[in-house]
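Structure record follows, encoded as structure tokens.
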There are 2 protein chains.
Amino acid sequence: MSYYGPVSDARIPPHPDPRDVPLQQVLEALVDPVRRSILTQLAHAADDVKCGGFDLDVSTSTATHHFKVLREAGLIRQYYVGTSRMNSLRGDEVGKAFPGLLDAIVAAESGRRGQRRGTSSATTRSGRSAKRTPSVA
Amino acid sequence: MSYYGPVSDARIPPHPDPRDVPLQQVLEALVDPVRRSILTQLAHAADDVKCGGFDLDVSTSTATHHFKVLREAGLIRQYYVGTSRMNSLRGDEVGKAFPGLLDAIVAAESGRRGQRRGTSSATTRSGRSAKRTPSVA
DNA sequence: ACCATAGTACGACACTCGTCATAGTTTGAG
DNA sequence: CTCAAACTATGACGAGTGTCGTACTATGGT
């Protein structure tokens, strides 16, 4: 199977096989803009990226939550390097379980050749709850 | 552009061009199991299907809501024939706006070649709110 | 005309989920 | 040993949405 980082780390929760993850769960993971941002950044990165290395507009704890959702959906693999948690896209494995799905998402996210009007990439449509900038405090 | 049914019907709300629909909105439409069921049934049907012709486990009013979401996401086209509202999959147009996306979903929904264990197709994972069988009344 | 058929619209309700703040844990360096 | 860095876990809160029932509208047939 060949792992990347340390073969076994007590801090690392188990990673499911993407083929065992229901489509429903994968789509629920993909529907959040922040999580899709993580995936596309990962897809475009040359190397694996540590949790703190992403450009995300949410707090650290929220980011942790999103990483967990992605990991449990079988979309990313995580392993520790020192105190940093590294993330890698499980592109190949996901591709075998859901052919074309992840590619289509990533391509649509960063490209939109079919698009007509704005290429603004302002994907922040609803996002469930905004709560952005809670009027100071 | 060649329409299918009656060229103009006051009862029919406007259909957006799939290329103008944000990816976010499309994914929000695709994440619901009932809506995906509509799409796959439509993908496998030989002809267009009327709203009442689908096998769905929700009430009529709820189904109406789902059809609306799909239409506004540019995924289906609706037109009246008598009192029946017909539905057709906008496969080609969606394919141009989001290459491979719809195909991947439909394929994963009805097939799962990559799958290992259960082919149970019990896609009903969370579904947001169940409320099924409200303990009588 | 009258009524059945086929859907839509509206309002209410419950439940899920994204968000943050705070506290806790583990590793690595000094 | 102590402290900083990097995350994770928990609890609370608010917003969005899937669900239903009921009321309403519009064809089509008798």
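Residue numbers begin at 1 in each chain, while the letters A, B, ... track the order of the sequences.
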Exercise for the section: List the protein contact pattern of nucleotides 25-30 of chain C with one symbol per nucleotide (5' to 3'): B for base contact, S for sugar-phosphate-only contact, - for none; contact means a heavy-atom distance under 4.0 Å. Expected result: -SBS--
Handout entry: For atom OH of B:Tyr79 and atom P of D:dT27, their distance in whole Å
Key = 17 Å
Problem - Nucleotide nearest B:Asp32 when distance is taken to its side chain, options D:dT19, D:dT8, C:dC17 - result: D:dT19
Handout entry: B:Lys50 NZ to C:dG7 C1', straight-line distance once rounded to whole Å
Key = 10 Å
Handout entry: A:Ser59: side-chain contact (heavy atoms from CB on, under 4.5 Å) partners, not counting sequence neighbours
Key = A:Ser61, A:Thr62
Practice task
Check every atom of C:dA6, D:dT19, D:dT8 against the side chain of B:Ser84 and return the nucleotide holding the closest atom.
Solution key: C:dA6
Exercise for the section: Rounded to the nearest angstrom, tell me the gap between atom CZ in B:Arg85 and atom C1' in C:dA9. Expected result: 12 Å
Exercise for the section: Would you kindly give the CG-to-P distance between B:Leu70 and C:dT8, to the nearest whole Å? Expected result: 12 Å
Fill in the blank from the handout: Hits for side-chain hydrogen bond (donor to acceptor under 3.5 Å, both in side chains) against B:Gln41, two or more places apart or cross-chain, chain-then-number order -> B:Ser37
Practice task
Output all residues satisfying side-chain contact (heavy atoms from CB on, under 4.5 Å) with A:Ala45, sequence neighbours left out; order by chain, then residue number.
Solution key: A:Val49
Practice task
Quick one: list whatever passes side-chain contact (heavy atoms from CB on, under 4.5 Å) with B:Thr60, sequence neighbours left out.
Solution key: none
Practice task
Whole angstrom is fine here: how far is it from CD in B:Glu72 over to C1' in D:dG18?
Solution key: 15 Å
Handout entry: Stretch residues 60-68 of chain A: residues that reach within less than 4.0 Å of DNA chain C through a heavy atom
Key = A:Ser61, A:Thr62, A:His65, A:His66
Practice task
Output, in order, the C-alpha distance, side-chain angles, deciding distance and verdict of side chain to side chain contact (heavy atoms under 4.5 Å, CB included) for B:Asp48 and B:Val81.
Solution key: CA-CA 11 Å; B:Asp48 294 353; B:Val81 172; over 6 Å; no
Practice task
Respond yes when some side-chain nitrogen or oxygen of B:Arg35 is under 4.0 Å from OP1 or OP2 of D:dG18, and no when none is.
Solution key: yes
Problem - Side chains of A:His15 and A:Glu72 in contact at under 4.5 Å (non-hydrogen atoms) - result: no
Practice task
Return the set of residues passing side-chain hydrogen bond (donor to acceptor under 3.5 Å, both in side chains) with B:Thr40 (not counting sequence neighbours), or none when no residue passes.
Solution key: none
Handout entry: Lys/Arg-Asp/Glu bridge criterion (N-O < 4.0 Å) met for B:Arg77, B:Glu93
Key = yes
Problem - Given DNA chain C, 5'-ward residue of the pair A:Val31 and B:Gly53, judged by closest heavy atom - result: B:Gly53
Problem - Side chain of B:Glu28 - closest among D:dC7, D:dT17, C:dA6 - result: D:dT17
Exercise for the section: Nearest whole angstrom, please: distance from the C1' of D:dT8 to the CD1 of A:Ile12. Expected result: 11 Å
Practice task
Return the set of residues passing salt bridge (Lys or Arg N to Asp or Glu O under 4.0 Å) with B:Arg35 (not counting sequence neighbours), or none when no residue passes.
Solution key: none
Handout entry: Given B:Leu102, B:Val26, B:Asp103, the one that forms side-chain contact (heavy atoms from CB on, under 4.5 Å) with B:Val94
Key = B:Leu102
Handout entry: Where at least one partner belongs to residues 37-66 of chain A, residue pairs that pass ring pair (Phe, Tyr, Trp, His ring centres under 6.0 Å), sequence neighbours excluded
Key = A:Phe54-A:Phe67
Handout entry: Between the first and last five pairs of the helix from C:dA1-D:dT30 to C:dG30-D:dC1, the angle of the axes, rounded to 10 degrees
Key = 20°
Handout entry: d(CG, B:Asn87; P, C:dA6) in whole Å
Key = 15 Å
Handout entry: Spacing of B:Tyr80 atom OH relative to D:dT25 atom P, expressed in whole Å
Key = 14 Å
Exercise for the section: Using the test side-chain contact (heavy atoms from CB on, under 4.5 Å), find all partners of B:Thr83 that sit at least two apart in sequence or belong to another chain. Expected result: none
